[in-house]
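Here the structure comes first, spelled out in structure tokens, and everything after it is commentary.
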Amino acid sequence: QGGQGGGVYNISSSPTLTNVNISGNSTTAYGGGMCSQSSSPVLTNVTISENFSTNSDGGGIYFSSSSQPILTNVTITKNRAVTGGGMYVRVASLTFKGGVISGNSASSMGGGLYNDGPSALTNITISGNTATHVGGGIYNTSPSVLTNVSITGNRVNIYGGGIYNTSSPIFTNVAMAGNLAGDGGGGIYSSSAAEAPKFYNTVIHGNSSGVRNEAGAKPEFYHSIVQGSGGSSAWVASAGFDGGHNLDIDPQFVAAPDHATAPFAAGDYQLQSSSPAINAGDKNAFAGLSPTTTDLAGNPRVYGYADQGELD
């Protein structure tokens with residue numbers, strides 16, 4: 001199809017899609033699988049796969065124009081675009097809880113997700129995505145909130161294997177591992193002094209490199225494992241701000257593929273029983289923590305103590 005929304009096109013509407021598969025569609029414009037403008041669709045148990053935008057943004061999904069989509073248990077896989085291979089969020093507010101963004105590709109930026117809106121991502125796996133220039137997993141330009149998110153096995157030719165960041169998002173119980181960047185910021189690359197992303201109970205380990213900050217960017221780390229930082233006892237200033245209780249040590253994942261093999265969606269990022277990340281997090285950093293709170297795998301997240309990373 002030559003117009004927007006190869007499979008579905010929403011404008012000023014709010015459809016509800018449940019148990020739907022959107023696959024094999026294409027467009028030369030926005031949203032190979034779905035394009036939503038000024039709309040608030042609700043997607044539950046939906047798969048968006050093998051769609052592509054040949055000349056534009058959002059291979060799987062494109063949200064724009066103050067849209068407020070809600071996604072629950074959605075899988076976005078094997079889509080292609082110039083920017084935002086899996087999904088492109090532009091001046092929209094995305095709520096995404098439970099799902100997978102995997103195996104997508106962008107010939108420019110944001111292999112899995114290009115995020116330019118105040119998004120909230122909870123219990124999401126972002127793995128095995130690729131981009132040619134920057135942001136293998138995510139290209140982020142918004143102060144979004146990521147909780148219980150796994151960003152693993154993504155690959156980019158230049159900067160930001162896991163994330164290329166130009167804003168101040170908040171990461172809580174996130175794992176960035178096994179990501180590969182050709183020139184720097186295997187885990188995360190931040191690009192200006194205006195940025196102060198915050199990391200709580202997060203693990204950045206086993207990437208081609210850990211954190212790269214340019215032009216005065218200064219992320220803040222609290223109760224986290226930060227690759228290449230030296231840990232709080234020997235903090236390397238170029239890593240950002242040491243908020244205390246940080247480590248630079250192997251978190252002992254059950255099975256973590258080498259970053260050199262990225263892109264991949266394999267791996268078991270649960271913590272071994274001897275992991276130094278167990279009970280090393282700050283429960284007060286996890287908003288809404290209760291006896292019913294679960295981790296990315298759906299297992300109870302320990303109440304009273306908090307582990308680092310997205311899995312207990």
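All figures in this text were calculated on a predicted structure; none of them were measured in a lab.
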Report summary line: Cluster membership besides Leu180, Ile/Leu/Val/Met/Phe/Trp/Tyr side chains within less than 4.5 angstrom, sorted by chain and number, is none
Query raised in the report: Residues two or more places apart in sequence or in another chain: which of them pass side-chain contact (heavy atoms from CB on, under 4.5 Å) with Val82?
Result: Ser107, Ser108
Kindly compute the distance separating [atom1] ([X]) from [atom2] ([Y]), expressed to the nearest 0.5 Å.
X	Y	atom1	atom2	answer
Thr83	Asp57	OG1	CG	5.0 Å
Lys218	Ser238	NZ	OG	10.5 Å
Ser209	Asn179	OG	CG	10.0 Å
Ile225	Gln252	CD1	CD	9.0 Å
Gln68	Ser36	CD	OG	12.5 Å
Ile61	Leu43	CD1	CG	6.0 Å

Tell me if a side-chain donor or acceptor on [X] pairs with a main-chain N or O of [Y] at a distance below 3.5 Å.
X	Y	answer
Asn79	Asn51	yes
Asn213	Ala239	yes
Ser102	Ser127	yes
Ser38	Ser12	no
Ser150	Thr125	no
Ser67	Pro69	no
Ser208	Ala181	yes
Trp235	Asn246	no
Asn129	Ile101	yes
Asn201	Asp282	yes

Donor-acceptor contacts under 3.5 Å from residues 13-23 side chains, at least two apart:
{"from": "Ser14", "atom 1": "OG", "to": "Ser40", "atom 2": "N", "distance (Å)": "3.4"}
{"from": "Asn19", "atom 1": "OD1", "to": "Asn45", "atom 2": "ND2", "distance (Å)": "3.4"}

Please answer: with hydrophobic residues joined when any side-chain heavy atoms are less than 4.5 Å apart, are [X] and [Y] in the same cluster?
X	Y	value
Ile76	Val8	yes
Val42	Ile48	no
Phe241	Tyr200	yes
Tyr269	Ile278	yes
Ile124	Val174	yes

Any donor-acceptor pair under 3.5 Å linking the side-chain atoms of [Y] with those of [X]?
X	Y	answer
Asp242	Ser232	yes
Asn115	Ser144	yes
Asn207	Gln227	yes
Asn10	Ser39	no
Ser275	Gln272	no

Pairwise side-chain contact, [X] with [Y], heavy-atom cut-off 4.5 Å (strictly under):
X	Y	answer
Gln37	Phe63	no
Val226	Val211	yes
Leu121	Thr147	no
Tyr189	Asn165	no
Thr77	Glu50	no
Asn154	Thr130	no
Met87	Val89	yes
Val74	Thr47	no

Which heavy atom in [X] sits nearest to a heavy atom in [Y], and how many Å separate them?
X	Y	answer
Ser167	Thr141	CB-C, 3.4 Å
Phe171	Thr202	O-OG1, 3.7 Å
Glu195	Ser190	OE1-CB, 3.3 Å
Phe253	Ala177	CE1-CB, 3.9 Å
Gly98	Phe96	O-CE1, 3.6 Å
Met176	Ile163	CE-CD1, 3.6 Å

Query - Greater than 12 external heavy atoms within 6.0 Å of Tyr139's OH - result: yes
Report task. With Tyr62 as reference, evaluate Tyr88, Tyr9, Phe52 under the ring pair (Phe, Tyr, Trp, His ring centres under 6.0 Å) test and give the passing residue. Result ->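 Answer to the ring pair (Phe, Tyr, Trp, His ring centres under 6.0 Å) test with Tyr62 among Tyr88, Tyr9, Phe52: Tyr88.
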Requested in this report: Sort out for me which residue in Ile126, Asn123, Asn173, Thr122 forms a side-chain contact (heavy atoms from CB on, under 4.5 Å) with Val149.
Outcome: Ile126
**Report entry** salt bridge (Lys or Arg N to Asp or Glu O under 4.0 Å) assessment of Glu214 paired with Arg212
**Finding:** CA-CA 7 Å; Glu214 293 291 342; Arg212 180 164 173 175; 2.7 Å; yes
**Report entry** Stepwise side chain to side chain contact (heavy atoms under 4.5 Å, CB included) test for Tyr114 and Asn140
**Finding:** CA-CA 6 Å; Tyr114 187 104; Asn140 180 67; over 6 Å; no
